[in-house]
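First up is the structure itself, then whatever we jot down about it.
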Amino acid sequence: MSTNSYRNGGSGSRGGAMKFENYSNNNSKYSPSSSFKSKVQQSAAAASTLRRSSPGTGRDDSTISARVRVAVRLRPRNSEEMAADADFADCVELQSELKRLKLQKNNWDSDTYEFDEVLTEFASQKRVYEVVAKPVVESVLDGYNGTVMAYGQTGTGKTYTLGQLGEEDAADRGIMLRAMEDILAEVSPENDLISVSYLQLYMETIQDLLNPSNDNIAIVEDPKSGDVSLPGATLVEIRDHRSFMELLQLGEAHRFAANTRLNAESSRSHAILMVHVKRSVRGKTSPFSSENGNMTPMGKTLKPPIIRKSKLVIVDLAGSERIDKSGSEGHTLEEAKSINLSLSALGKCINALAENRAHVPVRDSKLTRLLRDSFGGTARTSLVITIGPSPRHRGETSSTIMFGQRAMKVENMVKLKEEFDYKSLSRKLEIQLDKLIAEHERQQKAFENEIERITLEAQKRVAEVEQNYADAFEKEKVKCQKDYMESVKRLEEQSAAKQENNGHKKFKDGLSDNGTDQKSNSQSQPPVPPTSSEVTKIKQKLNDEILLRKAAEAEVDNLNNQLIHWKNMESARNSEISKLRKMLEDEECGKAKLEEEIEMLQSQLLQISFEADQSRRNLDKRLSGEAPSSLDSLIPRVKDQQLREPGDGEKASVVKLFEQVGLHKILSLLQSEDADVRIHAVKVVANLAAEESNQEKIVHAGGLTSLLALLKSSNDETIHRVAAGAIANLAMNETNQELIMSQGGISLLSLTATKAEDPQTLRMVAGAIANLCGNDKLQIKLRAEGGIRALLGMVRCRHPDVLAQVARGIANFAKCESRASNQGTKTGKSVLIEDGALPWIVQNANNEASPIRRHIELALCHLAQHGKYLTAFYVYLIKIQDGQIYGKPKMLDFFVTEVNAREMINGGALWELVRISRDCSREDIRALAHRTLKSSSGFQAELKRLRIDYG
Ligand code: ADP
Ligand code: MG
């Protein structure tokens with residue numbers, strides 16, 4: 001390909017190639033042609049250039065491939081150019097309908113380039129907004145991230161295009177104002193939130209244009225989502241157009257003041273406007289509602305409402321002309337480098353992306369870190385490159401055009417920034433729960449009141465009946481007694497009256513008979529029997545008595561029956577009460593179950609969210625072709641392993657759910673009765689522990705202690721594996737290492753290693769111990785508690801991942817040992833040699849797995865360096881002068897003892913060192929081995945003895 005031929009439109013599969021040939025006017029020869037790929041598709045709506053990555057209807061549909069769109073804008077000649085270049089033609093010629101630009105190479109030859117849009121000097125601000133920014137703004141309103149950026153030489157109209165305020169003529173308003181107008185017209189003030197930060201990046205320092213005292217803002221990257229944010233920047237909520245205008249004016253004023261203070265030109269700094277759009281998606285909320293008071297089944301269909309958080313970034317870049325490195329602008333060379341750094345890093349990233357290179361140096365500058373989502377990320381990006389017409393700046397114009405051409409090859413994977421609104425779901429669940437509890441309490445109270453009322457009524461009725469009975473009984477008794485007494489009295493009276501009658505009669509009878517027999521007669525006279533009428537009367541009385549008695553008895557029976565009836569009723573009520581009590585207990589039981597289920601669901605959600613995050617990141621990584629992480633780092637592997645188990649398919653992006661559920665809650669789930677919950681919880685904790693930012697919180701909340709306790713108490717290998725992984729991650733930090741040791745961690749890890757069968761469990765345990773091995777302070781204790789033996793014991797499992805961790809531990813330990821011996825805090829032979837590690841080390845020094853080999857190579861160098869002791873011989877010289885004795889020591893000789901050298905030679909380690917110093921592919925290790933051999937007299941002597949010439 002000739003040097004002046006450029007392609008745009010990415011890889012060769014899209015579109016057909018077209019050739020444009022320039023006719024040379026001097027000798028009828030064709031000039032070198034400029035070849036193109038025709039563009040993907042040309043359409044006014046950006047959406048039509050999109051290609052769906054997955055045709056399904058699921059949420060994955062939210063990821064769409066979209067190329068960075070590039071427009072070129074030509075500034076009209078200014079008065080100076082009109083005067084100075086009046087005789088010269090413009091160095092560019094625009095064919096806006098064909099979307100082509102011709103750049104004059106010389107008088108007879110030009111190169112042709114094709115762009116997504118070609119905007120002539122007559123293009124209005126409105127049209128520029130519509131073709132460059134409007135599709136991006138619309139996409140931001142739909143929930144995608146978006147970037148609009150201007151690139152070009154100072155004075156070509158970047159600020160005019162983006163930041164013009166149009167105070168005098170509203171038609172001059174630039175993209176920033178027009179974008180905000182469109183956003184404000186679309187959002188609803190009740191449901192949506194628009195907030196803005198405005199920043200300047202100069203000499204790799206980010207300053208807040210809304211609060212100038214805030215002049216060194218840090219970029220924070222979410223390790224999970226890769227999203228960058230500036231938590232230190234002022235964020236102002238925008239409600240209307242006027243407040244935004246004022247904010248831009250304020251930013252401009254601060255920018256001017258800051259640059260005066262720094263003695264900087266504003267053309268050397270980048271201005272960055274970030275508009276955060278947060279919208280809740282109506283009509284997509286969950287069917288979770290229970291106005292009628294019925295319980296919603298807590299099934300998996302539970303869907304929280306959805307919110308979209310997108311971001312529009314508008315970047316007015318520094319002038320693209322190179323700063324003079326000679327310092328003629330008053331900058332030192334260092335300053336010049338720093339000023340150029342971000343812009344040249346951006347160029348490098350775009351080159352790497354355009355050429356599909358595996359490594360994109362995003363981390364090289366603050367600008368590229370800030371814009372990582374804009375190029376090769378998930379944002380929809382539109383770039384406007386601005387050029388001037390003057391032939392004097394042809395060089396700069398040409399390099400601007402090349403920049404634009406390369407940017408056109410960058411492909412982004414635009415992704416919907418949508419997430420479940422777990423906060424509001426959680427709030428809803430809480431309200432629901434509160435309602436249920438209140439309703440339950442109300443029912444219980446009413447029920448208790450009813451029972452009390454029924455009991456009181458029953459008691460009252462029983463007491464009433466008893467009282468009635470007693471009264472009636474008493475009355476009847478008194479009446480009977482009275483009747484009886486009366487009858488007795490009447491009988492006595494009757495009997496007395498009868499006797500009297502009899503006496504009179506006898507007297508009359510005696511007067512009529514002789515008087516001799518009177519006495520005997522009176523003595524023999526029998527009592528007169530009562531007359532029959534009296535008998536009947538008495539009988540009648542008796543009958544009456546009997547009848548009365550019977551009536552009384554019947555009354556008593558009746559009352560007894562009533563009593564029995566009331567008692568029956570009471571017992572029926574009692575049984576009803578106990579039935580209701582039982583129902584109450586059942587309800588309470590049901591409530592507890594529901595609460596448990598909610599807990600479980602929350603923990604599952606948490607787990608799922610982390611899984612989703614992980615797979616998304618894996619996907620992102622694969623897409624961006626990031627290089628695999630360093631061999632030493634345990635984090636990504638630990639996570640990978642844990643998350644390999646399948647989720648339920650519902651992959652949602654949740655950034656910090658654990659903040660909502662709460663760390664303490666998650667840690668408390670580690671002790672749950674339910675084994676499933678325990679496993680979920682430990683996985684969640686392990687995931688959290690994989691992020692350095694969470695580690696301190698976890699340890700502070702007692703997570704380390706709980707994890708160690710789990711190792712001790714559980715017999716489940718999955719739990720062992722995950723818990724050990726979490727401990728390994730926590731063990732990367734020095735303070736935590738001491739904590740692990742002081743809490744008996746070594747013996748627990750050793751025990752786990754002895755029981756473990758799964759190589760992944762062993763890898764985690766070995767990883768944890770390997771981390772501890774790197775701590776200078778813990779050397780003695782680690783060995784004393786069997787850490788080294790446990791580590792060496794794990795080589796029984798031949799899995800290379802396990803062996804790599806063992807090797808890393810050995811290397812770490814050997815390094816600390818050699819450091820201690822150099823500082824004089826350790827004497828004697830290496831503990832590793834004493835504990836019998838040398839044969840394994842020698843055996844694996846040339847292991848085919850490079851992680852194992854590298855660690856062992858380092859370990860060997862450290863072992864060889866450690867343990868050199870200097871022994872010196874002194875004499876004490878005495879001199880006697882003028883009767884005084886003077887003395888001073890004088891060194892006669894010294895020799896160096898190398899405590900490890902003998903064992904290493906005998907064990908074959910010398911050969912490995914020689915091999916490393918000659919063959920190792922890593923130059924630093926090769927040099928280290930060489931130095932080590934050269935400086936050791938023991939090794940040198942042995943090499944000499946064997947007549948090996950080691951130069
Ligand atoms: P930059 O930000 O690239 O350094 P400016 O936006 O400050 O350039 O533009 C330099 C000058 O040119 C300003 O006075 C601006 O008003 C003017 N200018 C730039 N582009 C245009 C245009 N398209 N139409 C009219 N004037 C323009
Ligand atoms: Mg400018």
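Just so you know, ligand 1 is whichever comes first in the structure, and atom 1 is the first atom listed for that ligand.
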Test side chain to side chain contact (heavy atoms under 4.5 Å, CB included) applied to Lys417 and Lys311, step by step
CA-CA 9 Å; Lys417 297 293 179 184; Lys311 193 163 72 173; over 6 Å; no
Which of the ligand 1 atoms, numbered from 1, are nearer than 4.0 Å to a heavy atom of [X]:
X	value
Lys158	1 (P), 2 (O), 3 (O), 4 (O), 6 (O), 8 (O)
Gln153	3 (O)
Thr154	4 (O)

Which residue holds the protein heavy atom closest to [atom], what is that atom called, and what is the gap in Å?
atom	result
atom 21 (C) of ligand 1	Tyr160 CD2, 3.4 Å
atom 12 (O) of ligand 1	Arg75 CD, 3.6 Å
atom 8 (O) of ligand 1	Gly157 N, 3.0 Å
atom 11 (C) of ligand 1	Gly155 O, 4.5 Å
atom 7 (O) of ligand 1	Thr159 CB, 4.1 Å

The Mg ion (ligand 2) to nearest N/O/S of Thr159 less than 2.8 Å
yes
Verdict with supporting geometry, Phe375 and Thr147, side chain to side chain contact (heavy atoms under 4.5 Å, CB included):
CA-CA 9 Å; Phe375 292 95; Thr147 314; 5.6 Å; no
Check whether any heavy atom of Gln164 sits under 4.0 Å from an atom of ligand 1.
no
If we only consider heavy atoms of Ser267, is any one of them less than 4.0 Å away from an atom in ligand 1?
no
Result for ring-ring contact (aromatic ring centres under 6.0 Å, His included) between Phe403 and one of Tyr151, Phe115, Tyr113 points to Tyr151
Ignoring hydrogens and angles, tell me if any N or O in the side chain of Arg178 forms a donor-acceptor pair with the backbone of Arg173 under 3.5 Å.
yes
Donor-acceptor pair, distance only, cut-off 3.5 Å: does the side chain of Lys366 make one with the backbone of Tyr202?
no
Between CZ of Arg239 and CD1 of Ile194, what distance do you get to the nearest 0.5 Å?
10.0 Å
If I take atom CG from residue Asn145 and atom OG from residue Ser374, how far apart are they, to the nearest 0.5 angstrom?
8.0 Å
With heavy-atom distances below 4.5 Å as the criterion, would you say the side chains of Ser197 and Thr234 are in contact?
no
When you check the gap from the basic side-chain N to the acidic O, do Glu114 and Lys99 get nearer than 4.0 Å?
no
When you measure from atom 14 (O) of ligand 1 to the protein, is at least one non-hydrogen atom found at a distance under 4.0 Å?
no
Looking only at heavy atoms, is any part of Ala123 under 4.0 Å from ligand 1, and if so is it the side chain, the backbone, or both, or is it neither?
neither
